[in-house]
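These notes concern the structure reproduced below.
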Amino acid sequence: MQIVVGIRFKKAGKIYYFDPGSIELVSGDAVIVETARGLEYGEVVIDPRSVEEKDIVAPLKTVQRKATVQDEEKVRENRIKEKEALEICQQKIAVHALPMNLIDVEYTFDVNKIIFYFTAEGRIDFRDLVKDLAAVFRTRIELRQIGVRDEAKMMGGIGCCGRSLCCASFLGDFEPVSIRMAKEQNLSLNPTKISGICGRLMCCLKYENDCYCSAHKKINAPKMASTVVTIEGEGKVTAINSNKKTAAVKLASGKLIDVSWEDLVEKEGNEG
């Protein structure tokens, strides 16, 4: 077992484990740590705890120190510089007439590197742009192409539910989402209804999927459009409510009834 703390460098960013060493840390503490990109400023979001060695990505780096007032001031200065760098880079992109959309700029804490995030339809030859930016900022420059989901996470926004985007609010990682999840939950398969503002399937389809799947396994749920036998006669399933474990059945007479899954018998010969 190893004692670690969880540290996050961005809001809703991925959490990384570090060795607290002899420093007493609690959630909310600002710290300076060494990463592959150099010194970084982060926030403790997981209190010291023991984890299995297999859950740690070696080598585990040690927290350098708690952040000082000077460190926090430097972070604020870097945020101001990032806005200036964004404008300069946009101007350079226009000069070179590159088909790319600049999304965000990030300074490392020690200003050892400046990372420019952008989206584009295909591959971009930005070698001349990098040379221009390096001449202006006199430090290492990295241009990183990102996808539409990462763009939504960085830009933020309001989802169709009226709340801030999950990816920009609390999701540290994107989890795989499939159209099967929408089918399991009996949702409309209209792309405009199950896609987020990024154009990909909504992350929230994942939230309740396990509950729907387990409910279907515990009691054999009837299939949509299958012919079933109820206490009132034969009919066809027109809707399924997985939460209540009921199905809407349209009888031959045209009458529509709600029936518990346990009170239904599917006729042999139904196609899945």
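As the structure is a prediction and not an experimental result, all values here were calculated from the model. Computed from heavy atoms alone, side chains included, the values below leave out hydrogens, waters and symmetry copies. Residues: numbered from 1 along the sequence shown.
Counting only distance, with no hydrogens or angles, the side chain of R8 and the backbone of G13 share a donor-acceptor pair below 3.5 Å. Put simply, the side chain of S169 gets close to the backbone of L165: a donor and an acceptor are under 3.5 Å apart. With hydrogens and angles disregarded, a donor-acceptor distance shorter than 3.5 Å links the side chain of D71 to the backbone of T68. In this structure, the side chain of Q145 engages the main chain of G122 through a donor-acceptor pair within 3.5 Å. In this structure a side-chain-to-backbone donor-acceptor pair under 3.5 Å is missing from T227 to K267. Between the side chain of K236 and the backbone N or O of A252 there is no donor-acceptor pair closer than 3.5 Å. Formation of a donor-acceptor pair under 3.5 Å by the S260 side chain with backbone atoms of T246 is not found in this model.
Pairing each heavy atom of S188 with each of K193, the nearest pair is OG-CD, 3.7 Å.
Ring pair Y16/F9 is tilted by interplanar angle, where 30° to 60° counts as tilted. Aromatic ring orientation, F118 versus F126: perpendicular (interplanar angle above 60°, classes split at 30° and 60°). Taking the six-membered ring for Trp and thresholds of 30 and 60 degrees, F137 and F116 have ring planes inclined between 30 and 60 degrees apart.
A salt bridge does not link D125 to R123: none of the charged side-chain nitrogens sits closer than 4.0 Å to a carboxylate oxygen.
A search for side-chain contact (heavy atoms from CB on, under 4.5 Å) contacts involving K131 returns D128, not counting sequence neighbours. Annotation: side-chain contact (heavy atoms from CB on, under 4.5 Å) contacts of T62 (sequence neighbours excluded): D19.
Of the candidates R79, R37, R144, R37 is the only one forming a salt bridge (charged side-chain N to carboxylate O under 4.0 Å, His left out) with E106.
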